[in-house]
Amino acid sequence: MIDRPEAQIDTIVALASGRPPAAIAVIRLSGSRAAETVRALCGRLPPPRRASLARFRDPRSSEVIDEGLALYLPGPGSPTGEDVAEFHVHGGRAVVAAMLDALTALPGVRLAESGEFTRRAFFAGRMDLAAVEGLADLVAADTDAQRRQALAQASGVLGARVALWRSQILEARALAEASLDFADEDDVAADALEQARAGAAALREEIAAALDKSRGGERLREGFRVVVLGPPNAGKSSLVNALARREVAIVTAEAGTTRDLIEVHLDLGGFPAIVTDTAGLREAAGLVEAEGIRRARARAEDADLVLWLSPADAPTPPPADLSEAPLQVVWTKADLSARSAPFSISTHTGAGLAELVAFISHRAAACLQGGEAAVLVRARHREAAEVALGALERALVPGVSPELVAEDLRLASEALGRIVGAVGVEDVLGQIFSAFCIGK
Ligand code: GDP
């Protein structure tokens, strides 16, 4: 386990509930001074793990700030592994501000940074890194399928799987090393090496199967990606706006990070989809437009579904370089033509829109359904598993020496260890914890 940073000596405090005003505000603190801090505000320490009614006073003036519930959760069996306390007060801005002000005036108590409670839980060994990521996903989950996947991750499914894989590797390594120790007894050595390789081969299959499902898992986290392409005036913006107006489907509609791409996040029966409108890309006159077109193409390349919009009054076939993409041609402005095609829509009359949404839902479900059973749900997990798989494959090359088999098995175990944060993850920690809000 990685060493605990020095900064963790402080007792940290933060508003853990949503932005005030609200009915109730939850203020959390964690650290060695938690108990004396509770005493300083409440005049006493409530019995562990029992909510008690308390009157909170500013220790400097003895003035009552508010009345509410106080909870004391002694470590190490607490969420962070340290002594933890919670104050449930009225969720007014002035109440929360006065509580935080009184608390941080106490020696050794300071405001928490984002993700710092979770960071402490990780360093105390209460959660592995994959579970920490699951918790971040749970807080960010928009749809039901995302929530289920995040909950499984937060409860440690991936950590448990990785622990099992690493114990299988350890066994195979012991056998490979035994074959080195008994090198002068040919039969014993050959037999041990054989068994080590059989173990590595079984594991290779398991990891390959997990990798097969990982795309669905990653997509479930991020959303099924639909990109809307077509010539200028094909009706791209009109379609994306029409989807955005379907109140049942919409989660959020926001301008994308680039000025040309508009994204609409849809909840399709629990499966998340992100529909990207590329309408900002018109006449490729200036550099900005050229850059926009490049981005739209790049977006189409890693899309799960590309809708090519062809207006019924000016049919335009998709460009040849899109033939590799998961393409579906959609005829737009159906109201302008008597001709009907399998996928024809009109944003003016609403014709075909329900069918189009059903089609996208169906595709999304097919892509994401496997995701619910996936344990590798982030690019970070997938990349580590791919490194482990590569090492196992090297160990299985016929004629490889027992020394190399043992070394490759060690490398496979190390790669898997990165998933749970057992080894060499200093570089990703900052990024993972900064994704949390303050108070988490
Ligand atoms: P984009 O450039 O592909 O984003 O196209 P827009 O969505 O901006 O639409 C271009 C023009 O076509 C606008 O004047 C729209 O009002 C019109 N339009 C869009 N959808 C329809 C439709 O279903 N029927 C008809 N008749 N016109 C449409």
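In each ligand, atom 1 is the first atom listed, and ligand 1 is the first ligand listed. Everything quoted here is computed from the prediction, not taken from an experiment.
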Does H88 NE2 have over 12 foreign heavy atoms under 6.0 Å away? yes
Any chance CZ of R161 has more than 12 other-residue heavy atoms, nucleotides or ligands included, within less than 6.0 Å? no
Any nitrogen or oxygen of G235 lying under 3.5 Å from a nitrogen or oxygen in ligand 1? Just yes or no. yes
Quick check: does K236 get an N/O under 3.5 Å from an N/O on ligand 1? yes
Atoms of ligand 1 less than 4.0 Å from D335 heavy atoms? 22 (C), 23 (O), 24 (N), 25 (C), 26 (N)
For S346, counting its heavy atoms only, list the atoms of ligand 1 lying under 4.0 Å from any of them. 23 (O)
Does the residue A234 have a heavy-atom contact with ligand 1, meaning some pair of atoms that are separated by less than 4.0 Å? yes
Check contact between T332 and ligand 1, using heavy atoms of the residue and a distance below 4.0 angstrom. no
Using a strict 4.0 Å threshold on nitrogen-to-oxygen distance, state whether E407 and R410 make a salt bridge. yes
Salt-bridge contact R225-D302 (side-chain N to carboxylate O under 4.0 Å): yes
When you look for heavy atoms under 4.0 Å from ligand 1, do you find them on the side chain of T347, its backbone, both, or neither? both
Side chain, backbone, both or neither: the part of L336 lying under 4.0 Å from ligand 1 by heavy atom: side chain
Contacts of F117 that satisfy ring pair (Phe, Tyr, Trp, His ring centres under 6.0 Å) - sequence neighbours left out: none
Mind listing the side-chain donor-acceptor pairs of residues 327-334 below 3.5 Å, one per line with the distance, residues two or more places apart or on another chain?
| residue | atom | partner | partner atom | Å |
| --- | --- | --- | --- | --- |
| T332 | OG1 | A234 | O | 2.6 |
| K333 | NZ | N233 | O | 2.7 |

